[in-house]
There are 2 protein chains.
Amino acid sequence: MSGIEDVANLAGVSKATVSRALSGRGYVSNDTRLRVSQAAASLGYVVSSSASSLVTGRTNNVGVIIPVINQWFFGSIIEGVERALLDRGYDLMLYNLTKSHEERTRVFEYFLVRKRVDAVIAVTLEITPEETQRLLALGKPIAGIGGPLEGIPTLSIDDVAAGRLATEHLLLLGHRDIMHVGGDIDEQMDFHVHSKRLKGYMEALTEAGIPYDQDSYVATRFDIPSAYQVGKQILGDPRRRPTAIFAASDEVAIGVILAARELGISVPDDLSVIGIDNHPLAEMFGLTSIEQRPDLQGEQVVEWVIRQLEEPGWSPPKRHTVLPATLIMRSSTARPRPRLG
Amino acid sequence: MSGIEDVANLAGVSKATVSRALSGRGYVSNDTRLRVSQAAASLGYVVSSSASSLVTGRTNNVGVIIPVINQWFFGSIIEGVERALLDRGYDLMLYNLTKSHEERTRVFEYFLVRKRVDAVIAVTLEITPEETQRLLALGKPIAGIGGPLEGIPTLSIDDVAAGRLATEHLLLLGHRDIMHVGGDIDEQMDFHVHSKRLKGYMEALTEAGIPYDQDSYVATRFDIPSAYQVGKQILGDPRRRPTAIFAASDEVAIGVILAARELGISVPDDLSVIGIDNHPLAEMFGLTSIEQRPDLQGEQVVEWVIRQLEEPGWSPPKRHTVLPATLIMRSSTARPRPRLG
DNA sequence: TCCTCGTCTGCAAACGCTTCCAGAATCTTA
DNA sequence: TAAGATTCTGGAAGCGTTTGCAGACGAGGA
């Protein structure tokens, strides 16, 4: 491993000049810059990031805290974040923080506080105001997907509005018997996504003058098999079967559709289904959905933290940023079948 | 930000002693160790990783290169790798290296060579012998999932054997008209997975005395919607329809099953389908599959590189390691329906 | 001609740790 | 009791960069 001194000797200049030539900071004549680059290349020299971090205080790393990886929403965020970071010359340190308390503590006590990252991106990380203070005290740029989170710039779709939009779509088609298959309120790790989408649903119903019925909300985990099971239970009981279902995510919606198929219930003739996400599988199931783009959300928060790092004085929106979520109509929703008799 | 000196002053000892006390290396009396820890805690001190890297030459980072994130196989690997690394006190730097040539070069010219990671884990990264040499020249532990790769310890299931196993299962049930829906041979980025599974399929057929027919292999991308399209084409043509399909992955198999359902073809009565992976969705589709555990594969390679780092002299298996892949029978495969007439 | 200004370069001082070395204190053993 | 071994601690050198400062040089303006 050759150090900067070797390059300096080979190029016939001082270490300082090598540093300036290679980093592009300060004055260096074109001639020497060239000689230095060639010397560096021929030696296979590459700067020691620890040494340069030590003096600059910058690591060029950004920490990303995320609760799940193997799910479309989260995987897409990572892809977006990674792409954006690499484009800007930063490296991504990944922390898969499941909701167990032990791991949470580890992050706060141990990781975040270490001097290894220049900025932090937190994905649907629900933290207490006290923890927020600790984070802010680090003096490092931080941004989140999810939220709102007091004091930290965050980003997400308006889940209440999305829930309303979905429900209103069904109402507009003429449905009055609409069930909501959503997440378990007690289990949500993300920013009350589950209760927010439920809230939007309830608001839309209320506005339409439809009384909200206890039984019309059923909880499930956010994956296809779980939703499939729940779907079979709901749809298996003819007295309970609604004319439409608002599923809190596309995975849930697909589970429900598969359950309906299994039971010989036609979608959308006998049952309309709408989801949220515009998941890659939505199209093949003809699923009407509300689109969001987690990859772009990832790019956006990267932009926030990096710009903060590189443009002194700049700062991202102080408050929560709401992203548009638009309805994509496909063939899983339709007017309810006219009642017989 | 308080440095080691502040801690030293507060505890009334030298910097050297603080370093020893906190790192656990060298002699320190219990008494002073305690005083130092308390001083450190009360100041919220945390060692500067750049400073300590600079002198020790260790970063405590491991680089992971992976072509895709948002796919079950790859997502599971990341989860496994992340868990194992964090357990051992290492951080994970994620590099999502899509197959574009430009990005590849970037990794070799730019990233791998930087002094930012102690070891490298490469997931299904196909590299030339020359590139391998460059990697090895770094003198850093490196291991791969996929392979084999000359000179680098790698790990994977035996794809040829998996292909055989799947096909033999169908043969054993009495099928003779078996199609293979696999990956595009020209497009494979992973270690010829596609052609290996195809090879296993062909070997099994040959062994059973069944001539291999050009038309009995069809290529698709490895996702449900693509496989669904392909499935509809194959199954839509009654003259072309086989009695069984060996799908190169569970996602492909599920696409085919959905296509069959759409066309009113009963699985397994009219068509048997087998896949590879034991994907989380396999169970709900009753899909017979060949199981592999990417998360454990991730843990294994982590073990390899970390042990190499921490146990001087130890080294992982020089050659490619083959993992067992076992058949999981479900309801998507059965004896072919007896021919009429 | 002299002065100023912009460009270019080198010296040397950090940056915050770890670790070698040596010395002091305590404990073992002959 | 002396000599050696063991445990504990501090001083100081270094890890490989970046950067403030100062000096040198040439060009342009008065």
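Lettering of chains follows the sequences in order, A, B, ..., and the numbering in each one begins at 1.
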Only pairs under 3.5 Å count here: list side-chain donor-acceptor contacts from residues 18-27 of chain A, not counting sequence neighbours, and write none if there are none.
| from | atom 1 | to | atom 2 | distance (Å) |
| --- | --- | --- | --- | --- |
| A/Ser23 | OG | A/Ser19 | O | 2.9 |
| A/Ser23 | OG | A/Arg25 | N | 3.3 |

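- Non-hydrogen atoms lying under 4.0 Å from DNA chain C are contributed by A/Arg20, A/Tyr27, A/Val28, A/Ser29, all within residues 20-30 of chain A.
- Contact footprint of chain A on DNA chain D: nucleotides with an atom under 4.0 Å from a non-hydrogen protein atom, first to last in 5' to 3' order, D/dG16 to D/dG20.
- Nucleotides of DNA chain C that come within less than 4.0 Å of any heavy atom of chain B span, from the 5' end to the 3' end, C/dG16 to C/dC20.
- By the salt bridge (Lys or Arg N to Asp or Glu O under 4.0 Å) test, A/Arg33 is found to be paired with no residue, residues two or more places apart in sequence or in another chain being considered.
- Contacts of residues 5-15 of chain A with DNA chain D (heavy atom under 4.0 Å): A/Lys15.
- Annotation: side-chain contact (heavy atoms from CB on, under 4.5 Å) contacts of A/Thr59 (sequence neighbours excluded): A/Ser53, A/Asn61, A/Asp118.
- Pairs of residues two or more places apart, or lying in two chains, never qualify as salt bridge (Lys or Arg N to Asp or Glu O under 4.0 Å) while including a residue from residues 55-75 of chain B.
- Within the structure, side chain to side chain donor-acceptor pair (under 3.5 Å) pairs that include any residue of residues 297-314 of chain A comprise A/Arg83-A/Glu299, A/Arg88-A/Glu303, A/Tyr90-A/Glu310, A/Gln292-A/Gln297, A/Gln300-A/Trp304, A/Arg307-A/Glu311 (at least two apart or interchain).
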Please output the side-chain donor-acceptor pairs of residues 1-9 of chain B that fall under 3.5 Å, not counting sequence neighbours, one pair per line with the distance.
| from | atom 1 | to | atom 2 | distance (Å) |
| --- | --- | --- | --- | --- |
| B/Ser2 | OG | B/Leu43 | O | 3.4 |
| B/Asp6 | OD2 | B/Gly3 | N | 2.8 |
| B/Asn9 | ND2 | B/Glu5 | O | 3.4 |

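- For A/Ser29, the side chain to side chain donor-acceptor pair (under 3.5 Å) test picks out A/Thr32, with sequence neighbours left out.
- Consecutive Watson-Crick or G-U pairing (both distances under 3.5 Å) extending over three or more pairs maps onto DNA chain C as C:1-30 with D:1-30.
- Remark: the B/Ser52 side chain and the B/Ser49 side chain contain no N/O donor-acceptor pair separated by less than 3.5 Å.
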